[in-house]
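Presented below is the structure to which this report refers.
The residues of the chain are indexed from 1 along the displayed sequence. Note that ligands are numbered from 1 as they come in the structure, with each ligand's atoms numbered from 1 the same way. Quick note: numbers below take in every heavy atom, side chains included, and nothing from hydrogens, waters or symmetry partners. From a predicted model like this one, the values you see are computed outputs, not experimental measurements.
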Amino acid sequence: MKKNTKLYETVAALMASGKGILAADESDATAGRRLAMVHLRNEAENRQDFRELLFAAQGIEEYLSGVIMYDSSIRSSTDSGIPFPDVLTAKGIVPGIKVDLGTVELHGFKGEVVSQGLDNLAERLVEYYDFGARFAKWRAVITIDDEDTPTDAAITMNAIFLARYAQLAQAAGIVPIVEPEVIYAGDHSLARAEQVTTRTLQILFQTLQNYRVDLEGLILKSSMVLAGDMNPEPSSPEQIANTTLRAFHMSVPYDVGGIVFLSGGQTPKRSTENLNAIAKLGGQPWPITFSYSRAIEEPVLMAWQGKQENIPEAQKMLLHAVKMNSLASLGKYDPNKDNKLKYE
Ligand code: 13P
């Protein structure tokens, strides 16, 4: 296969040391649920105001290498008419785009889902490239329910769709982020989460290799290995770090371009502490950093409350959140020294 070195340049830019990726790629429906937390209506103007607050914040480029957008936001502009991808590119931040179209039920497999969006994907990628996108994201959802769920069948179908998406993205000059999210909600143990994550990643990477996806030109977005949020057994950041890295070493080929984490419903502070513990375990075969949505955006949203006069405070919170995660990606986060703002 002919190698596309442009892809590697994008991977290197995204995985630059001390930086991470902001996932601001909520679908319009999900963005509406976030806005409802501060009693704002799910209107295009509110979604645009919040994203402008995020993307225009001064200094974020010191800590963010990329921002993932959604179809409606990559087409959107600031109040003064500058397209969002141009705002990011001007700061040296790589624009990205979420391209899956959400999940649908996998018939015959109770509670399991498959992500859709392959139809017309090649054409959509060409358009997104023209908008400035140089990387993309496809999220698959893997839920832990009982001993039999997730099934290999559901994991495999998601892996095939991820592989097809990754092929199309690379052919379009766009770095694919493949995101098999093992869902945090539930009462499963840490050991069960490790087993499912390892199995999911093994099937995924075997499939990506079968379909000749160039692993160097690809980024894995993974959940951390966590006991379910309803599991009573507490795990320390060190346990989480060891378990997560063990799962990766069992399943992620060393030539993969990088690994980024989603926050998955953990609090901002836990997401940062756990990333810090992972980084503290020392150099790994892959660069590793954050690609959070909720753990970065929620404190910002709370500070903003939809009010013009709160924008400076909200942007200060954004800068704080990305800086804390930047420190954590280097294993240098110290909650006593660094955590001055209300960032729980
Ligand atoms: P969270 O950090 O909120 O889990 O979102 C990351 C993401 O990109 C999910 O697809």
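- For the pair Arg199 (side chain) and Thr151 (backbone), a donor-acceptor distance under 3.5 Å is absent.
- Applying the 4.5 Å side-chain rule to ILVMFWY residues, one finds Ile144, Ile155, Val182, Val196, Ile203 in the same cluster as Ile142.
- Applying the ring pair (Phe, Tyr, Trp, His ring centres under 6.0 Å) criterion to Phe135, with sequence neighbours excluded, gives no partner residue.
- A side chain to side chain donor-acceptor pair (under 3.5 Å) with Asn325 holds for exactly one of Thr272, Asn276, Thr289; it is Thr272.
- A donor-acceptor pair shorter than 3.5 Å cannot be found between the side chains of His39 and Gln305.
- Under the salt bridge (charged side-chain N to carboxylate O under 4.0 Å, His left out) criterion, Glu179 pairs with Lys137, not counting sequence neighbours.
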Where does ligand 1 get N/O contacts under 3.5 Å from the protein, atom by atom?
residue	atom	partner	partner atom	Å
ligand 1	2 (O)	Ser263	N	2.8
ligand 1	2 (O)	Ser263	OG	2.5
ligand 1	2 (O)	Ser293	N	2.8
ligand 1	3 (O)	Arg294	N	2.9
ligand 1	3 (O)	Arg294	NE	2.7
ligand 1	4 (O)	Ser263	N	3.4
ligand 1	4 (O)	Gly264	N	2.6
ligand 1	4 (O)	Arg294	NH2	3.1
ligand 1	8 (O)	Lys137	NZ	2.7
ligand 1	8 (O)	Lys221	NZ	2.6
ligand 1	10 (O)	Lys137	NZ	2.6
ligand 1	10 (O)	Glu179	OE1	3.0
ligand 1	10 (O)	Glu179	OE2	3.1

